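Since we're looking at a predicted model, the values are computed, not measured.
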Amino acid sequence: MKINTGYEDFTLYQGDTNVVLDEIDSKVDMIFADPPYFLSKKTIAHGLRKDAYKGEWDLARSMDEINDFNRQWLGKCRDKLKDNGTIWVSGTYHNIFSVATCMQELGFKILNVIVWHKNDVARLITDLRFNYEAEYIVWARKKESVPHFFNYKLMRLLNGGRSMPDVWSLPSVGLWEKTCGKHPTQKPLRLLNRIILACTHEGDTILDPFAGSCTTGIAANLLGRNFIGID
């Protein structure tokens, strides 16, 4: 179902990503995807559910199921991407290795794996692991032999005149970004701003197949890009 947003350059679809992607007939310049991480578990202790549970869509799956899911939506996204376009996919260790493997199987060329260091996260309630302070974002272009656009000069400028590294120390979602409700895997606006500025021009079209809180769409709109979102 297409949702009328009132803006010609901002389009939202409601439905199954793998179904809606087949219905979109345009090509896009960039894709940002924040797919299910498959880390939720229904854990019962003393009669109460105590573990993080985001919904049925995020429940832990077998590796075969995770690979099949990632291979399907990534393949459809690749068809919608222009030959010189790039895709960014975020995740944690629960899904990001599958994503990278499926990308390579489908013919994407991985350019970087960005480490997003969240410099304001709370301490884990355990003494058995290192504290979780990072997510990973795989950046890849569609084809091995077709060059992509990278705004190296702007990224260098944003990093104080030095080359932008592949470790980004940025805070997680601020309270002001949650005023319209909190999405369990919401991304901060400053993260999407950097990603969009790194590899697109004004007027380009960006696709987010798992739009969620629609941070990608907000960033695209603010930066003068067209947006297509699915949720």
Side-chain angles (χ1 to χ4, degrees), residues 9-11 17 21 24-35 70-91 95-117 134-170 187-211 215-230:
D9 57 354
F10 195 106
T11 305
T17 286
L21 282 171
I24 297 174
D25 56 9
S26 56
K27 296 283 188 178
V28 301
D29 300 280
M30 190 202 99
I31 297 171
F32 176 82
D34 189 18
N70 286 328
R71 197 175 292 113
Q72 184 177 17
W73 73 262
L74 279 166
K76 292 177 183 291
C77 279
R78 192 171 189 273
D79 290 339
K80 303 305 174 187
L81 195 60
K82 293 179 181 178
D83 285 350
N84 64 342
T86 60
I87 180 171
W88 305 68
V89 186
S90 65
N95 73 329
I96 205 67
F97 301 113
S98 169
V99 165
T101 298
C102 292
M103 279 182 162
Q104 291 175 310
E105 290 176 355
L106 291 166
F108 288 103
K109 176 179 175 57
I110 294 177
L111 302 167
N112 284 107
V113 178
I114 302 297
V115 178
W116 169 30
H117 171 226
E135 289 190 34
Y136 310 97
I137 308 171
V138 180
W139 182 36
R141 70 187 189 197
K142 180 175 179 177
K143 294 191 173 184
E144 174 82 27
S145 58
V146 179
H148 62 286
F149 170 66
F150 176 50
N151 200 335
Y152 171 79
K153 290 183 178 179
L154 178 58
M155 292 297 103
R156 187 182 177 100
L157 180 65
L158 293 177
N159 195 46
R162 294 171 292 133
S163 297
M164 181 73 74
D166 58 2
V167 178
W168 297 356
S169 187
L170 298 170
K187 297 295 179 286
L189 186 61
R190 69 182 74 198
L191 178 70
L192 269 300
N193 281 346
R194 183 178 294 184
I195 287 172
I196 290 170
L197 289 171
C199 64
T200 65
H201 302 87
E202 286 191 34
D204 281 355
T205 299
I206 296 167
L207 168 67
D208 188 337
F210 304 97
T215 305
T216 310
I218 295 169
N221 185 259
L222 290 173
L223 295 171
R225 276 68 168 171
N226 303 311
F227 176 70
I228 300 172
I230 308 169

| request: Return each pair, listed once, that meets salt bridge (Lys or Arg N to Asp or Glu O under 4.0 Å) where at least one residue sits in residues 191-210; pairs must be two or more places apart or across chains. | output: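 Checked against salt bridge (Lys or Arg N to Asp or Glu O under 4.0 Å) - neighbours excluded - no pair reaches residues 191-210.
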
Between [X] and [Y], is any pair of side-chain heavy atoms under 4.5 Å apart?
X	Y	value
L189	I218	yes
I24	I230	yes
L81	F108	yes
E135	K187	yes
I228	S26	yes
M103	V89	yes
I195	M30	yes

| request: Identify the two heavy atoms, one from D83 and one from V146, that lie closest to each other, and give their separation to 0.1 Å. | output: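 That closest heavy-atom pairing would be O-CG1, 3.5 Å.
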
| If you look at every heavy atom in P209 and I31, which pair is closest and at what distance? |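 Taking P209 first and I31 second, the nearest heavy atoms are CD-CG2, 3.9 Å.
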
| Once the angle between the rings of F150 and W139 is folded into 0 to 90°, is it parallel (under 30°), tilted (30 to 60°) or perpendicular (over 60°)? |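 Because their plane-to-plane angle lies in the 30° to 60° range, the rings of F150 and W139 count as tilted.
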
| message | Would you compute the distance between atom CG of N221 and atom OG1 of T216 and round it to the nearest 0.5 angstrom? | response |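 If I round to the nearest 0.5 Å, the distance is 12.5 Å.
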
| task | Nearest 0.5 Å please: distance from the CG atom of N70 over to the OG atom of S98. | result |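 If we round to the nearest 0.5 Å, N70:CG and S98:OG are 4.0 Å apart.
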
| field | Crowding at CZ, R190 (>12 non-hydrogen neighbours, <6.0 Å) | value |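 Open: at most 12 neighbouring heavy atoms sit under 6.0 Å from CZ of R190.
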
| said: With a 3.5 Å distance limit and no angle check, can you tell me whether K80 reaches the backbone of L21 through a side-chain donor-acceptor pair? | reply: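 Yes, the answer is positive, given that a donor and an acceptor are paired below the 3.5 Å cut-off.
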
